[in-house]
Each structure stands twice: as C-alpha cells, then as structure tokens.
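The basis for the numbers below is simple: all heavy atoms, side chains too, and nothing from hydrogens, waters or symmetry mates.
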Amino acid sequence: MYLSSIEVQGFKSFAAKTRIQFIPPTGGRQGVTAIVGPNGSGKSNIADAIRWVLGEQSLKIIRGKKSEDVIFGGSDKKSRMGYAEVTLTLNNEDGTIKPAESDDDHPMDYSEIAITRRVYRDGEGEYLLNGSRVRLVDIQLLLARAHFAEKSYTVVGQGMIDHMLMATSAERKSFFDEAAGIKEFQIKRHQTVLKLNATRENLHESRMLLSEIEPRLQSLTRQVKRLEKRDEVESELHTAYIQYYGGQWVRIQEQLTRMSVERDHIAIEQKALQTAYDAAFAQLRTMEVHETKNDIYSQLQQEYDAVHRERTKLREEIIRLKNAIEVATVRATSQQKWAPLPLTKIITELEAIRDEVAHAQNERDLSILERFVKGVLGKVASLIERLQQPAPQQQPAAFVDTKAQAEIAELEKTLVLIEEKAIHLQERIASVSREEQEKKSAFFALQRELQDKQKQLHTTEQRASAIAVDLARIETRRDTLLEEIAREVPQYRAEIEAIPPEIARAVDVQALQQDVYRLRRQLELIGSIDPEVMKEYETTRERHEFLDAQVRDLDLAIAQLEKGIVELDAITTKRRTVAFAQINREFGRFFATLFNGGRAEIVEIRQTPKEQQANASEESGEPTDASAVDPTAETLVGIDIVASPPGKRVTDIAVLSGGEKALTSVALICAILSTNPSPFVVLDEVDAALDESNSVRFGAIIAELATQTQFVAITHNRATMEQAQLLYGVTMGEDGVSRVLSVRLEDAMARAAK
C-alpha cells in the first residue's frame, strides 16, 4: 500500500482545489517525494492537512485555535471559503488494509481507499470513506491496522523531534506503543474499557432498579400466591362440585332408569300372568261343565256287570255239569278194579285246571272267585286222590255222559264269547277310567296352576307397589338434588348433567362431600383479592425478569469484556516486548551511524500497582485505595532514553546539545521506521537542525528506509532533496493562496544532460 495522492480544498492557504500526486513504488524502492518552498509559502500546511484528514483533534498541533482556523479565511484579493476538505487517497491493491472481521486471506474489497474529512464554518464536520459517511473511530481502526494514524510517526515534524526527547516517560510510552504496532489493540482496549464502564454503570442502575422492584414484587407475589391458591382451590372445588353432584345425579338417573325398566317388565309380566290366569280359569269352568254331562263310564260299568253275571252263571253251569260227570265217573270207577291213572289223563286234567285259572284272572266278583277257587281245589283234591289210587286204564263206556259233554261244549263256546265281550268291556272301562283320571289330574293341576298364578299375581302386585314407592322416593331425591344444585352451583348444572357415567360411578360421594366442605372453608380463609393485583404483578414480574435477565447479560458481558481486555493486554504485551527489543537494537545502530559511534538505548520503566497509586495520590493530593491491587504485579508505565555520543558519558539526555538531541531523535525515528515501517511517512523539516555531514548521513538512512516506507519530505536540505524522485514546489501569490508546481527529477536531469 502507498500514498497515491492528496487533494486539498479550502484548507488553510490552499483555497483552490489542489491535487498532489505521488509516484508509485518502482525498482524495489518506495517513492520519495520532496516538497520545497520559501518560508511562509504554505508547504507545512500539506503536513497539517495530512494530520487533519487522519483524524487529528488537537488544533494546537495543526497550528490553530478553533475549528474554523483550518478553513481559508480569505485575503484582500480572495474571499474566504465556507468549508475545508482534504482527501487522502491510498492505493490498496496489495490488501494491506483489511476490515476488522477479516483475516489475512481476505483483503479489503477496495483497491483504492479515499479518506475524506470535511468541516464547515458552523462547526459541523464529517468523515467519508470512499464517499460513504463513517465515524472517526472507524477511520482510526482502519488506519491502526495499517500501522499509521494522526498521532503516530506518520507525520514527523520538528516539534515532534523535540517533544520525543523532552516528553515524560509516560508520553514516550504512548509514542512507542504506536511504534510497536499495537495502536489497533489499544483502541480496541480503550473501546472495550469504555464499554466495560458503561456496562458496569448499566449493571449498577439495573441492580438499583431491581432493589427497588423486589420488595413490591415480593408483596405482589404473596398476594398472587394467595390468588393462585384461591384459583387452585376454586378449580379443585369446581371439580369436586362436578364429581359430587354429578356422582349423585348419575346414580339417581341410573336408579330411575333401572326401576322404570323393572316397573315396565313387571307390568308386562303382570299382564301375561293375568292373561294366563284368565285362560286357566275359563278352562277350569269348561272342565267342570263337561264333567257333569259325562255318563259313558256308568253305562259301560252296567254292561260289564251284566256280562260278568252271565259269565258267572255259565261258569257255574259248566262246573256243575263237570262235577256231575266227575261224580258219576267216580262212582262208576269205584266199583271197578283200581288201576294207575294214565299220564295223558293227568296232563289233560292239569291243562283244564290251568285254563280255568286263566279265565278267572280277570274276575272281580269275590263271590264268583270264591266258588271258582273251591271248584278248582276240589278238582285238585280229586286228582291227588286218583293219583294216590290210580283209576282203571279204561272206563266203561257206560260212564260217559255224552249229552252232558255236548252241553258243556256248547256252554264253553258261549263262555268264550262272553269272555271276549267282558275283555272288550274291561278295556273300554279301563280306557274311559284312564281318560277320566287324566281329566281329574288335569283339573286338579289346573286348580293348582290357578293358585300359583294367583300367588304370582299377588307377588307382582306387591313388587309393582314397592317399585312405585321407590320411584317416588328417588324422584323426590332427584328434585331435592336439582334444588340444591340450583341454589349452590347453578352455573355448573350443564357440566353436572354431562359428566361421563364411568367417572361418576368411580367417585366416593361421601368423601367428596367432606372435600367440598373443606375447600369452602379454605376459600373463606383466603378471602377475596383485587383482580387488578394480577395485572400489576404481571407488569412488575415482567419488569423484574427483564432487569434480572439484563443483569445476567451484563454480568456475562462484563466477564467477556474483562476476558477480552486480558487477551488484548496479552497481545499488546507480547508485541510490545518483541518490538521494543528490535527498536532498541535499531536505535543503537542508527545512533552509531549518525554519531560515528556512541551508545544509545531505550529503558522500560515498570512499577507495581501500589507504587502507581501512591504516585497518583501524590499528584492528586488524595489517598487511593490499594487494598484490591496485587502489590507484586508490575506494569510498563514509561520509557526512558539513554544516549551517549562518542567520548561522552551522559546520564541525562537533557544535557545534550540541540544538534545531538536532533540526531538522537532522528536515530530513534529511523529505528522505529525500520522496526515497524509505516506505509508512508511525512517528514516536516526534521533535518533543519542538521549540518551538512549529518544531512548526508540522514539522506543515506532515508535511502535505506525507502525500501520499506514511502517518504514525503518537506525540506530545505539539499541532501534530502537528492533522495527524491519527485519534487513539488509550493509558492504563494499576492492573493495569499498556496499553489503547487511539480518536477520529476529524472526527467529534469535527462533534459539537463541534453
């Protein structure tokens, strides 16, 4: 980066717009431009313009008393200007100047940087960067990163030469800090300290406000807690009301529904029982009427009795005839010789006895059965007797009564018919008897059924009556409950009636009743609270939370700022240490060059914080508190310069001659430029006090340093002019306006050679 041009308009004696162009670096050497002119021509105003555009705020340094002194005040032939403007143009193609947030790999977007400062007679002023308005601090940070600024060694005048040696150690420290390239970090530190102080003030104010708000917030919090407790109790009471009354309501409704359904079922059952009873009663009446008109059994019984009598007579006649035949046979055989009874005869008689017994099985008349048994017993006794006294093998034909046999046979045929008729009648009688028995059983069963139906009807009537009573009782409970709801919580009736049945069934109504009483009591104890308290609490709480968050943010910001200051201090200390060591070496070298020997060095002055505070107390006359300061920590508080020309032993630079002081200052400036070269340096007659030999040495040093730094030398010294590639002459006419003429020395020498 190098100084490309400076444009001045209305600044001091440069009323007209004047542009001074500087040559770019060539042949590995930065440009050296010399500005010459008679005294009073205004050439030093160029140095003042450069200081001013770089942000110089001290009017004394630029030889003014008030801000309008930098504006052309007019002359007899030229009216005064209304404003002063200086534009400094820098070539930034190499990206030397970077924005604060960039790194070495991201140069600034502008290849050319134009810094403009403008001031009006009313005192209003502004800074421009490439035509855009910026703050002074932005300009200072930008220039600090390029290692030059208004208070640095960028513009070096005779006053600075004298001041550098005669300044206090603390003032020298500031100059050397600039030379060490830590100005950027010092600006940042200063800004950080300002922010830290402002943050601490804000923190103090926030804490004061918090201390004022907290008592009121605590009072409001207690009231709000009571209000919240009231809201909580009211919410709990609301839930208890819903469950308490809802549980009763659902239970009553379910009981009413269940009993109504049971009542309807009983009514249906009662109706069905009544219908069945009426049907059974009608059937019973029908059976009673039918029983009085049934004569079939009597007729059949009379017919059977007649057949039975006829059958008995036939059997008796047959038995009589058989007995007569038997008796006749016995009598006939008793007169003959006895012989064993043939087996066939025995079988035949036994079969006859069997048949008679078979015919007698269905006999019911006891008298007939008695006679029959006696006849059978007689036959059995006769058979036994004949078996004991066997009959002759053959009976005489004279003993067989064929007529009796025929009569018996005829009677037996008739008996068979009579038996069949008797059997038929018995079957008819048995059938009719069964039917009658069944009818009687059905009749009795129907009577029992009627009795059962009547009992069931009576039971259902009792149940219906009991249910009607229960329904009336439950309806009364329902009406009472509705009245209580309407009296206590009419606003909850819809919720009570809409409570889900499964929730209502699960609640314990008795326990809820106790909860309702308890919660009511709590509300009475809490009492009423102004609703506006909540609004005031919310406002106060939000304010407190905001301030509390602000305090935390400020504490965090203070911690970060303090950390940033520590980091910046570490960076500046490291860079200062390295730079001071190199400046010290170069100072000794350039001092020996200018003096042809001798020794020179810079010495750091360090003090503990306790010593610093003691010194500050002596200067201010007031004691300071050092209790919080580490008594062992030392910081750099100043710089001393030790210079001994050849053949002298000097302990104080104040005893040096004027020339020696000038050479010492030049050596120090050159050491600084060699250690931390600035992009350009303006030398405003710093060689005025040098003799010819020293001027030559100074010119050689300028030639050496020109490999790193661009020089603009305002001079009367021929040796300095010889180092320049471009020469500007400043003149002033009768109108009091400075004008500039330029000569490129190489071109002039070429023309002179011709």
Enquirer: Can you find a side-chain donor-acceptor pair between S5 and R19 that sits under 3.5 Å?
Expert: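 Short answer, yes.
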Enquirer: If you draw a 6.0 Å radius around CZ in R80, do more than 12 non-hydrogen atoms from other residues or ligands fall strictly inside?
Expert: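 No - once you tally the heavy atoms of other residues, nucleotides and ligands closer than 6.0 Å, there are 12 at most.
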Enquirer: Testing E85, R133, R117 one by one against L128 for a side chain to side chain contact (heavy atoms under 4.5 Å, CB included), which residue passes?
Expert: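 Testing each of E85, R133, R117 against L128, the sole residue satisfying side chain to side chain contact (heavy atoms under 4.5 Å, CB included) is R133.
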Enquirer: Does any N or O in the side chain of E68 come within less than 3.5 Å of the main-chain N or O of K66, such that one atom is a donor and the other an acceptor?
Expert: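 Checked: no pair found.
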Enquirer: Without hydrogens or angle criteria, can the side chains of S674 and E586 be said to hold a donor-acceptor pair below 3.5 Å?
Expert: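 Result is yes, a qualifying pair exists.
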Enquirer: Just by distance, with hydrogens left out, do S4 and N91 show a side-chain donor and acceptor under 3.5 Å apart?
Expert: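 The answer is no; no qualifying pair exists.
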Enquirer: Taking the side chain from N584 and the backbone from F580, do they hold a donor-acceptor pair closer than 3.5 Å?
Expert: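 Between the backbone of F580 and the side chain of N584 there is no qualifying donor-acceptor contact (under 3.5 Å).
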Enquirer: Checking T715 against D687: is there a side-chain donor and acceptor pair closer than 3.5 Å?
Expert: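 Yes, because at least one side-chain N or O of D687 sits under 3.5 Å from a partner of the opposite role on T715.
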Enquirer: Any Lys/Arg nitrogen of R118 or E124 sitting under 4.0 Å from an Asp/Glu carboxylate oxygen of the other?
Expert: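 The answer is no: the pair does not qualify as a salt bridge.
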Enquirer: Is any side-chain heavy atom of F711 closer than 4.5 Å to one of L683?
Expert: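 Touching, per the 4.5 Å side-chain cut-off.
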Enquirer: Are more than 12 heavy atoms from other residues, nucleotides or ligands located less than 6.0 Å from atom CZ of R121?
Expert: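 Check passes, neighbour count above 12.
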Enquirer: Under 3.5 Å, is there a donor-acceptor pair between the side chain of D691 and the main chain of N694?
Expert: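 Side chain of D691 to backbone of N694: a pair is present.
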Enquirer: In the structure I gave you, are the side-chain heavy atoms of L3 and Q710 within less than 4.5 Å of one another anywhere?
Expert: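 SC-SC contact between L3 and Q710 confirmed.
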Enquirer: Report the residue from N130, T87, T89 that forms a side chain to side chain donor-acceptor pair (under 3.5 Å) with T116.
Expert: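 Only one option passes, and that is T87.
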Enquirer: Would the distance check show the side chain of T573 and the main-chain N or O of A570 forming a donor-acceptor pair, the cut-off being under 3.5 Å?
Expert: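 Flag not set: sc T573 to bb A570 has no pair under 3.5 Å.
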Enquirer: How close do I6 and A49 get, heavy atom to heavy atom, and via which atoms?
Expert: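 Heavy-atom minimum between the residues: CD1-CB, 4.3 Å.
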Enquirer: Mark yes or no for whether T33, through its side chain, and V712, through its backbone, hold a donor-acceptor pair below 3.5 Å.
Expert: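 A pair under 3.5 Å: no.
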Enquirer: For V193, is there any backbone N or O sitting under 3.5 Å from a side-chain donor or acceptor partner on N197?
Expert: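 Present.
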Enquirer: With the threshold set at 4.0 Å, does a side-chain nitrogen-carboxylate oxygen contact exist between E601 and R585?
Expert: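 Looking at E601 and R585, the cut-off is not met.
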Enquirer: Any idea how F22 and Y728 line up, ring-wise: parallel (<30°), tilted (30 to 60°), or perpendicular (>60°)?
Expert: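 Answer is perpendicular, since the angle exceeds 60°.
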Enquirer: Is there a donor-acceptor pair under 3.5 Å between the side chain of T18 and the backbone N or O of F14?
Expert: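 Answer holds: no.
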Enquirer: Is E205 salt-bridged to R207, going by a charged N under 4.0 Å from an acidic O?
Expert: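 Judged by the 4.0 Å cut-off on N to carboxylate O distance, E205 and R207 do not form a salt bridge.
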Enquirer: Hey, does the side chain of D138 reach the backbone of V134 with a donor-acceptor pair shorter than 3.5 angstrom?
Expert: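 Not at all, since once roles are kept as given, no pair shorter than 3.5 Å links the two residues.
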